[in-house]
2 protein chains.
Amino acid sequence: MARPRKALLDLGKIADTALELVDETGDFTVPEMARRLGVQTASIYHHVDGRSGIVELLRARLGDEIDSTTLDGQPWDAGLRAFAYSYRAAFAAHPHVVPLLTGEPVRAPVVLATYERLVLLMEQAGLPLELVMTALTSIENFILGSALDLAAPEVMWAIPSDVAAPRLAAALAAQSTSPSRADRAFDFGITVLIEACSKLLTHDGASPDGPSTS
Amino acid sequence: MARPRKALLDLGKIADTALELVDETGDFTVPEMARRLGVQTASIYHHVDGRSGIVELLRARLGDEIDSTTLDGQPWDAGLRAFAYSYRAAFAAHPHVVPLLTGEPVRAPVVLATYERLVLLMEQAGLPLELVMTALTSIENFILGSALDLAAPEVMWAIPSDVAAPRLAAALAAQSTSPSRADRAFDFGITVLIEACSKLLTHDGASPDGPSTS
DNA sequence: ACCTGAACACCGTTCAAGT
DNA sequence: ACCTGAACACCGTTCAAGT
C-alpha cells in the first residue's frame, strides 16, 4: 500500500479516536488508536507531534465545546456564571480527559476570546484592573478542581472502619440526593465567587445598592 | 545475595525515593527507583502493590504533612482557613506530585480526623447539617484546583501572536508582583468561600443579633 | 506527503530460584 | 520473608523503504 491516493488519517479522526478511547477506557494509547483506525502505529506520527500532540488535540477539542456566546447581551456576572457552567459542562461530558489536561489549562482561541471579553466587561463594571486576574484565576482554579471531582466516583467519602468519624458520617448522610454532590458544590462555589467579585466594584457609575449610606 | 539478613527496603525508603524523583524530574518510574535504591526492580514489588501502590504512598505522605492541630482553640472559620492553607502548603512543597493524585483526593486518617472535627465545629456554629458537605466539597475542590495551578509556570497566560486580546494583556500586566499570582488567587478564593459559609449560619446559639428562641 | 514494517529503548509486572 | 535474574507483554518513538 504505502501512500494511498486519499489520506487515511487526519487530525479530526485522530482526535475523535483518542476521545472515544478516553471516554470508554479512561486513557488512550497510540497503538490502541492505530488498531481502531485500521492503521499502523507509526502512521499517526506523521500527523501529530507524539503522544503529547494528541493530548493537545484533546485540549483544543474540549475548548471548542465551551460556549463563548454567553457573554453577549448579559450583565458581566450572569455572563461569567454562564461561562463557568459551560466550561465545566465541557469537562463533565468527558471527565476522564481532565486528568490528562492538568498542568496547563485550556487556552483555546475561543476561551482566550471569552477571557478578553470578560476582562473588558469587568473593567467597565468597575472592578479594579489589578484585581481582575486574581478573581479570574481563582474562578478558573475552582472550575478545574470541580472538574476533577467529576471524574471521582459519587460515593467517595467512604470512611475506613478503623476511623471514628460520626459527625462526618452524619453530614454525608444529611446531603440531599437530587442534584449530585459535585453539582451542588459547584453551584455554591461559583455563586459566592462571583458575588465576591461584584462586591469589589468601585461604584463610580450608576449603582443602586452598596454599603455607602442608608 | 538473595535475602539479606536485614531488609534493604522498607516503605519509608520507597516513599522517599519516589518523592525525590517526582520533585526532581516531575515523575517516577519503578526501574528508576530501583537504580537509586541500588536494588533490582522486582524487589520493590515485594513491598508495594505495583506502581499505584507507590502513588498511594505519596498520597499518604502528603496527607501527613497537613497540619491537623489548626482546629483546636480557634473559632471554626479561623481553623478552616488554617487547614486550607496547610493543605495547600503540603501540595506547594511538592507541586509535581499533585497531578499523580488526581482522581481521588487525600483521605489520610489525619485529614479525615480534621474533617470530622470541622464538621462538628461547623454544626455547633449553626451551619445546617445538609449544607456542610456542600461547603466542604467546594472548598476542597478549590484547594485542589489551586494546587494544580502551582505546578504550572508563573507566566502562563502567554497570548498567541495571532490573537488580539488587549484588555486581557492589560489585566495581566496590572497584576502586582509581590505575592505570586497563584498565592493571591488562593487567598481571594478561600477567604470568600469561608465568609460565605459564615453567612449561612443560623444563629440559634449564643449570638449577638440572632432571634431569641431556644 | 503519507503509509508500512521493522526496529529500539524502556516500562510495568510476574515468577522461579536462592537464602 | 525478601532479594535476584530472567522473562513477557506492551508502549512511545524512529526510520528506511515504498508510492
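First the proteins, then the strands, lettered A, B, ... as listed; each starts at 1. Computed from a predicted model, the values in this text were never measured in an experiment.
Checking B:T191 against B:R81 by side-chain atom types alone, a donor-acceptor pair falls below 3.5 Å. In this structure, a donor-acceptor pair under 3.5 Å is absent between the side chains of B:T25 and B:D27.
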message = Show me the dot-bracket string of DNA chain C, counting Watson-Crick or G-U pairs under 3.5 Å, with | for pairs to another strand and [ ] for crossing ones.
response = ||.|||||...|||||.||
key: Evaluation steps, side-chain contact (heavy atoms from CB on, under 4.5 Å), between B:F142 and A:S138   = CA-CA 8 Å; B:F142 177 73; A:S138 78; 3.9 Å; yes
task = Walk me through it: do B:R35 and B:E32 pass the test salt bridge (Lys or Arg N to Asp or Glu O under 4.0 Å)?
result = CA-CA 5 Å; B:R35 276 190 288 275; B:E32 225 174 341; 5.5 Å; no
inquiry  = What verdict does the salt bridge (Lys or Arg N to Asp or Glu O under 4.0 Å) test give for A:R61 and A:E56, after you've listed the backbone C-alpha separation in whole Å, the side-chain angles of each residue and the deciding distance to 0.1 Å?
reply    = CA-CA 8 Å; A:R61 175 64 64 98; A:E56 290 314 304; over 6 Å; no
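Across all non-hydrogen atoms, the minimal contact from B:L136 to B:M122 is CD2-SD, 3.9 Å.
At whole-Å resolution of the value, CD1 in B:I44 and C1' in C:dT13 are 12 Å apart. Look at OH on A:Y45: it is 14 Å from C1' on C:dA7, rounded to the nearest Å. Rounded to an integer number of Å, the gap from A:R5 CZ to D:dT19 P is 14 Å. If you take CG of A:L9 and P of C:dC2, they are 10 Å apart, rounded to a whole angstrom. In this entry the distance linking CG of A:L100 with P of D:dG12 reads 12 Å, nearest Å. Remark: C1' of D:dC3 and NZ of B:K13 are 13 Å apart, rounded to the nearest angstrom. Residue A:H46 contributes atom NE2, which lies 17 Å from atom P of D:dG12 at whole-angstrom precision. Taking atom CG of residue B:L11 and atom P of nucleotide D:dA1, one finds them 15 Å apart after rounding to whole Å.
At D:dC2, none of the side-chain N or O atoms of B:S43 fall inside 4.0 Å of OP1 or OP2 (strictly under the cut-off).
Heavy atoms of other residues, nucleotides or ligands lying less than 6.0 angstrom from CG of B:D72 number more than 12.
You'll find the side chain of A:M133 reaches within 4.5 Å of the side chain of B:L172, heavy atoms only.
In this structure, the nucleotide among D:dT13, D:dC3, C:dC3 sitting nearest to the side chain of B:H47 is D:dC3.
Remark: B:V39, B:Q40, B:A42 in residues 21-42 of chain B come within less than 4.0 Å of DNA chain D through at least one heavy atom.
Taking the six-membered ring for Trp and thresholds of 30 and 60 degrees, B:Y85 and B:F186 have ring planes more than 60 degrees apart, a perpendicular arrangement.
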